[in-house]
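Notes to accompany the following structure.
Throughout, a chain's letter reflects where its sequence line sits, starting with A, and its residues are numbered from 1. Worth knowing before you read on, the calculation uses all heavy atoms, side chains too, and leaves out hydrogens, waters and symmetry mates.
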Protein chains: 2
Amino acid sequence: FRTFKDPNPSCQSRIAELVQEYPIKSCAVISHIRQANRGGVNLENTHPFTRELWGRYWTFAHNGQLTGYDALDTGRFQAVGDTDSEIAFCWLLNQVEAKYPKPPQDMAEAFAFIHQCCERLRQLGVYNMLLSDGEYVLTFCTNNLHSITRRAPFGCASLIDEDVTIDFQQETTPNDVVTVIATQPLTNNEQWHKMQPGEFNVFYFGEVVYQAQA
Amino acid sequence: FRTFKDPNPSCQSRIAELVQEYPIKSCAVISHIRQANRGGVNLENTHPFTRELWGRYWTFAHNGQLTGYDALDTGRFQAVGDTDSEIAFCWLLNQVEAKYPKPPQDMAEAFAFIHQCCERLRQLGVYNMLLSDGEYVLTFCTNNLHSITRRAPFGCASLIDEDVTIDFQQETTPNDVVTVIATQPLTNNEQWHKMQPGEFNVFYFGEVVYQAQA
């Protein structure tokens with residue numbers, strides 16, 4: 001687990017520059033560009049947030065805005081900054097730990113429970129979530145989440161907002177399965193899956209291993 | 001709070017390069033180059049380690065080797081890697097939280113308690129420690145820790161291991177107080193304070209605010 005954070009705008013960020021140039025290979029990556037609605041612009045309020053649970057680092061990013069989040073009991077997971085997002089994350093982990101003080105035998109059961117928690121957060125507003133323990137990537141959609149899974153035979157993809165085309169055949173090996181989850185589709189020549197309100201997915205090395213609707 | 005970690009040797013590290021070139025200004029910085037004695041060379045075992053307590057991020061680095069550390073009860077603070085250092089850190093935070101579930105009114109009392117905990121860890125081997133909540137920097141010496149406090153009028157310093165001289169008058173403002181704590185003295189034309197076995201210090205914006213001997 002590693003984090004690269006910068007409270008500065010991404011277009012001026014030396015950290016973002018490093019991440020672009022540095023050939024990181026990772027099984028699970030969470031990236032977040034913040035539109036600061038709740039809480040000031042500073043390092044404490046910069047996503048993603050990380051806490052340890054069950055001897056794993058859990059990393060979290062949120063898109064959306066919540067109301068009434070001050071009433072959430074975060075227990076032993078205290079927020080360091082003052083965003084709705086970090087408080088929601090701390091509340092979620094506290095719920096999970098209360099239910100599963102130790103790593104659950106049956107992860108599917110735990111995923112169903114986390115899905116329920118996400119539904120409760122959705123009642124507070126817009127809650128689009130990415131959450132990972134470094135192996136699993138959990139997603140929850142309120143209104144803006146899209147995904148695409150790429151596997152062999154890999155093709156080319158053209159970015160929507162830049163005149164850039166990537167040939168994934170050059171970047172992958174035949175057994176790779178790569179899923180990208182983003183607020184909006186990033187390419188204009190591929191079919192992205194628009195997630196439904198309340199949809200919850202768990203990805204494991206690129207494959208969906210758990211899925212549930214609202 | 002921000003961390004830059006690399007399991008690769010520092011001389012080849014792109015991350016170390018970024019930190020060198022990037023003009024970070026910070027009130028408290030902890031840096032660690034690992035000689036891997038306990039636990040494999042990987043990201044999970046790379047110092048510094050961080051956990052949240054009292055709504056603050058606590059960051060920790062250790063120099064030395066411990067034995068019998070598997071018996072330490074780390075409670076809710078589980079190690080993610082398998083170093084003696086991270087387990088000692090988790091044990092220490094668990095002790096502190098058990099004694100002070102909430103931020104203590106009297107920090108001096110808490111520092112005295114942390115000092116006691118460090119003494120217990122010293123019984124397990126070599127325990128040189130740097131610990132910070134982002135404002136306070138706590139140090140504990142078993143055998144190898146030196147410090148120097150620089151303030152106006154600032155002078156020049158020559159690095160021991162490179163032919164580099166820094167004129168701190170060019171790098172500071174008159175009210176700055178800058179303390180460097182390191183395993184060994186880093187400069188050869190200044191007087192470093194060699195910390196004593198069992199010595200515990202707390203620095204706050206460069207000044208010693210708490211000190212105790214074994």
Kindly give the heavy-atom pair with the smallest separation between R51(B) and Y57(A), and that separation in Å. NH1-OH, 3.1 Å
Are there more than 12 heavy atoms of other residues, nucleotides or ligands under 6.0 Å from atom CD1 of I33(A)? no
Does atom CD1 of I160(A) have more than 12 heavy-atom neighbours, drawn from other residues, nucleotides or ligands, at distances under 6.0 Å? yes
Counting heavy-atom pairs closer than 4.5 Å to chain B, which one of E17(A), E44(A), E52(A) comes out on top? E52(A)
Select, from F4(A), F77(A), F1(A), the one with the greatest count of heavy-atom pairs under 4.5 Å involving chain B. F1(A)
Identify which of T74(B), I15(B), L53(B) forms the greatest number of heavy-atom pairs closer than 4.5 Å to chain A. I15(B)
Taking NZ, NE, NH1 and NH2 as the nitrogens, is one of them in R14(B) or E21(A) under 4.0 Å from a carboxylate oxygen of the other? yes
Measure N42(A) against the heavy atoms of chain B and call it side chain, backbone, both or neither at under 4.5 Å. neither
Roughly how far, to the nearest 0.5 Å, is the OG1 atom of T46(A) from the CZ atom of R2(B)? 8.0 Å
Mind checking which of residues 135-146 of chain A sit less than 4.5 Å from chain B, heavy atom to heavy atom? none
Might you work through the side-chain contact (heavy atoms from CB on, under 4.5 Å) test for V80(A) and R56(B), ending with a clear yes or no? CA-CA 5 Å; V80(A) 174; R56(B) 308 178 202 166; 5.6 Å; no
